[in-house]
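Bear in mind that the values here come from a model prediction, so they are computed numbers and not experimental data. We use all heavy atoms of the structure for the numbers below, so side chains are in, but hydrogens, waters and symmetry mates are not. Chain letters run A, B, ... following the sequence lines, proteins first, then strands; residues in each count from 1.
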2 protein chains.
Amino acid sequence: MTSMNPPAAVETAKHQRGHLSRERLAIAGLKIARTEGLENLTMKRLAKAVAVTPMAIYRHFEDKSDLIDAVLDRFVQEQDICNHGVPGKDWAGWLERTYSNMYDGLQSMPSVYPYLSSGSRFGAGATDVVTQSLDVMEAAGFSRERAAQAASTLNGFVIGCAIMDNAFYQSLSAKDKALHSNLEPRLQTGLRLIISGLKHELSVQS
Amino acid sequence: MTSMNPPAAVETAKHQRGHLSRERLAIAGLKIARTEGLENLTMKRLAKAVAVTPMAIYRHFEDKSDLIDAVLDRFVQEQDICNHGVPGKDWAGWLERTYSNMYDGLQSMPSVYPYLSSGSRFGAGATDVVTQSLDVMEAAGFSRERAAQAASTLNGFVIGCAIMDNAFYQSLSAKDKALHSNLEPRLQTGLRLIISGLKHELSVQS
DNA sequence: ACCTGAACACCGTTCAAGT
DNA sequence: ACCTGAACACCGTTCAAGT
């Protein structure tokens, strides 16, 4: 299982000295997180994956939470949430698509949920999404303050919805479970509810 | 710190044989979780707290996740989310109060957030909140299916909002952070947005 | 500068033994 | 039936040493 036939041009760089870096480690770490779950990304496991001693990682990362942050940041970047076709002028459509993408991204790696909460900060990637959202809404006529408020609401709803679809759902009684299961577009419904509220605000204001 | 003056009639039961039980352990566990964080609730730490060997716990709990579930369930029960003055007839007020209480409960122990997501199921306590919500809304004129959908949205928003207020907030740029900080009633705003959407639905329908 | 090796204080958990 | 004690395979991390 180590290396009979060369895999698929994935790990071309052999492990010579100096070929370890934050980026290479973050990539390898994300790979482990994707395939085995973020909870199984451990210093020793990552070290084995890049054929190195656990302590070698500490030359590039302060500690484990530093590594996790880097992996999460890379995860968000790769998701590329804002890079969809919808133009910023269609602010409502842009928001719906963006936060729908965010949901999909989260669902693609459920093991991130525990890390969404405290400590581990999402880096440049996540900040980008917020900033772009604010810009789009400001251009549409919202105050930046109101835009920040709305982005918060959307973010909160998407994260909560993702978490619920993954877990809370299972703690319902059988009867109510059945009711939940046949309403698939819960996210869409919620997003539109919030966005239509914003639309109404804008039309009243102008 | 062990027992010079009797504390406050909290741990009356001395550690004789047979005085260990799921309930006593769950209570002691919740106490640790409250004071030191749920992440520091460990088998060995709990064992020390009840003056027993770690393995004694396994007589009462399958494994650690079983213990965590029991502690979380007790946490929800103690929160007593639905036990407020608002009558069920005022369904909108009831919902706002209930989910506002839920938010407060979550914020009172932020270390639960990582456990909100996967695996650990909230037990009877959480199911109760959902069931009562559905009943209140059904009585107000919603179909049970639509009520389930709405409860989902509310739940998702509250959880997401709580998580964000605790963490996501910190990953904003300084500029946007300032904008966020002076809008305290983000929860209230969001709750009312969702509930007013429901009100509108009901008025159209009838 | 970059990595290794041995060691430490923790985990959850198993298994065999005591009362 | 209920609890103890020793042991195992894991953690993250420190410190001293190699190249």
Exercise for the section: Check side-chain contact (heavy atoms from CB on, under 4.5 Å) between B:Thr153 and all other residues, then give those that pass, not counting sequence neighbours. Expected result: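 B:Thr153 satisfies side-chain contact (heavy atoms from CB on, under 4.5 Å) with A:Phe157, B:Ile194 once adjacent residues are dropped.
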Problem - Listed partners of A:His60 passing side-chain hydrogen bond (donor to acceptor under 3.5 Å, both in side chains), at least two apart - result: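 Checked A:His60 against side-chain hydrogen bond (donor to acceptor under 3.5 Å, both in side chains); zero matches.
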Problem - N/O (side chain, A:His19) to phosphate O (OP1/OP2, C:dC3) under 4.0 Å - result: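 For A:His19, the contact criterion (side-chain N or O under 4.0 Å from OP1 or OP2 of C:dC3) is not met.
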Exercise for the section: Using Watson-Crick or G-U wobble pairs with both distances under 3.5 Å, give me DNA chain D in dot-bracket, 5' to 3', with [ ] for crossers and | for pairs to another strand. Expected result: ||.|||||...|||||.||
Problem - Shortest non-hydrogen separation from A:Gly29 to A:Leu46 and the atoms involved - result: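 Closest approach of A:Gly29 to A:Leu46: N-CD1, 3.8 Å.
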Handout entry: Least distance between heavy atoms, A:Tyr103 atom then A:Cys161 atom
Key =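 So the minimum-distance heavy-atom pair works out to CE1-C, 4.1 Å.
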Exercise for the section: Report yes or no: do B:Arg74 and B:Gln77 form a side-chain donor-acceptor pair below 3.5 Å? Expected result: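 No, no side-chain donor-acceptor pair sits under 3.5 Å.
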Practice task
Please state how far atom CG in B:Asn40 lies from atom P in C:dC10, giving the value in whole angstrom units.
Solution key: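 It works out to 12 Å between those atoms.
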Problem - Sub-4.5 Å side-chain heavy-atom contact between B:Arg146 and B:Leu198 - result: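 Side chain of B:Arg146 against side chain of B:Leu198, heavy atoms only: contact under 4.5 Å found.
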Dump every N/O contact between nucleotides 17-19 of chain C and the protein below 3.5 Å, one line per pair.
from, atom 1, to, atom 2, distance (Å)
C:dG18, N2, B:Arg17, NH2, 3.1

Pairs under 3.5 Å (N/O, protein and nucleotides 12-14 of chain D):
from, atom 1, to, atom 2, distance (Å)
D:dG12, OP1, A:Thr42, OG1, 3.1
D:dG12, OP1, A:Met43, N, 3.4
D:dG12, OP1, A:Lys64, NZ, 3.1
D:dG12, OP2, A:Thr42, OG1, 2.4
D:dG12, OP2, A:Met43, N, 3.2
D:dT13, OP2, A:Tyr58, OH, 2.8
D:dT13, OP2, A:Lys64, N, 2.9
D:dT13, O5', A:Tyr58, OH, 3.3

Practice task
Nearest 0.5 Å please: distance from the CG atom of A:Asp104 over to the CZ atom of A:Arg97.
Solution key: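 The CZ atom of A:Arg97 is 9.5 Å from CG of A:Asp104, to the nearest 0.5 Å.
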Scan the side chains in residues 35-45 of chain B for donor-acceptor partners under 3.5 Å anywhere in the protein, sequence neighbours excluded, and list what turns up.
from, atom 1, to, atom 2, distance (Å)
B:Thr35, OG1, B:Lys31, O, 2.9
B:Thr35, OG1, B:Ile32, O, 3.3
B:Glu36, OE1, B:Arg45, NE, 3.1
B:Glu36, OE2, B:Arg45, NE, 3.4
B:Glu36, OE2, B:Arg45, NH2, 2.6
B:Asn40, ND2, B:Glu36, O, 2.6
B:Thr42, OG1, B:Lys44, N, 3.3

